[in-house]
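Only this structure's heavy atoms are used, side chains among them; waters, hydrogens and symmetry mates stay out. For clarity, every value in this text was computed on a predicted model and none was experimentally measured.
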Amino acid sequence: MAFRAAMLRHIRVPVQNLTLKRPILQSWSFGNPTRSMSSHGDDHLDREEVIERVLSVIKDFPKVDPSKVTPDVHFQKDLGLDSLDTVEIVMALEEEFKLEIPDKEADKIDSCPLAIEYIVSHPMAG
């Protein structure tokens with residue numbers, strides 16, 4: 001704790017003043033049905049973009065023949081990958097979409113449809 005306090009005393013971060021176009025209280029209005037404070041707005045990925053990026057990650061994997069990759073492909077049955085390869089693909093997907101998939105969930109992802117569904121439903125995928 002002392003180290004943290006010492007570091008914070010020496011770190012200087014420039015602060016910018018932000019000008020709001022509307023009062024903050026307006027976004028908390030009960031009559032406003034939008035979730036303006038949510039991070040799940042228009043920036044959430046659509047299904048087609050997720051499919052395209054998942055397929056790209058899998059096609060770039062060294063042991064995969066890109067011509068065999070489709071949105072319905074199973075990593076082991078169709079591509080002949082082993083469990084370690086599947087773990088590496090899941091790690092590549094985590095990096096691509098900037099999210100962390102818990103081990104319990106990652107163990108279930110063994111095909112493109114499961115990877116796509118997980119990422120589409122994950123609110124923090126980017």
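Atom CD of Glu105 sits in a crowded spot, with more than 12 heavy atoms from other residues, nucleotides or ligands closer than 6.0 Å.
We find the CG-CD1 distance between Leu93 and Ile109 to be 7.0 Å, quoted to the nearest 0.5 Å. One distance of note links CD of Glu88 with OG1 of Thr86; it measures 9.5 Å at 0.5 Å rounding. Rounding to the nearest 0.5 Å gives a distance of 14.5 Å between CD of Glu52 and CZ of Arg47. Taken from CG in Asp85 to NZ in Lys63, the straight-line distance is 3.5 Å, to the nearest 0.5 Å.
A heavy-atom distance below 4.5 Å is not found between the side chains of Thr70 and Cys112. Contact of the Phe75 side chain with the Val64 side chain is not registered, since no non-hydrogen atoms from C-beta on lie closer than 4.5 Å. In this structure the side chain of Glu49 reaches within 4.5 angstrom of the side chain of Asp46, judged on heavy atoms. Gln76 has its side chain out of reach of Asp82: every pair of non-hydrogen atoms, C-beta onward, lies at least 4.5 Å apart. Two residues are said to be in side-chain contact when any heavy atoms from C-beta on lie closer than 4.5 Å; Leu79 and Lys68 meet this criterion.
The hydrophobic cluster containing Ile119 does not contain Val87, counting ILVMFWY residues as joined when their side-chain heavy atoms lie under 4.5 angstrom apart, directly or transitively. Clustering ILVMFWY residues whenever any of their side-chain heavy atoms sit less than 4.5 angstrom apart, transitively, puts Val57 in a cluster other than the one holding Leu114.
Put simply, the side chain of Glu94 gets close to the backbone of Ile101: a donor and an acceptor are under 3.5 Å apart.
Smallest separation of non-hydrogen atoms from Tyr118 and Pro102: OH-CD, 3.5 Å. Among all heavy-atom pairs drawn from Pro113 and Pro71, the shortest one is CD-O, 3.3 Å.
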In sequence, state the C-alpha distance, the side-chain angles, and the governing distance for Asp65 and Ser67, and then conclude on side-chain hydrogen bond (donor to acceptor under 3.5 Å, both in side chains).
-> CA-CA 6 Å; Asp65 176 3; Ser67 65; 2.9 Å; yes
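For Asp60, the side chain to side chain contact (heavy atoms under 4.5 Å, CB included) partners are Ser56, not counting sequence neighbours.
In summary, Glu117 and Lys108 do not engage in a salt bridge, as defined by a charged side-chain N under 4.0 Å from a carboxylate O.
Applying side chain to side chain contact (heavy atoms under 4.5 Å, CB included) to Val54 and the options Ile89, Val69, Val120, Ile116 leaves one that passes, Ile116.
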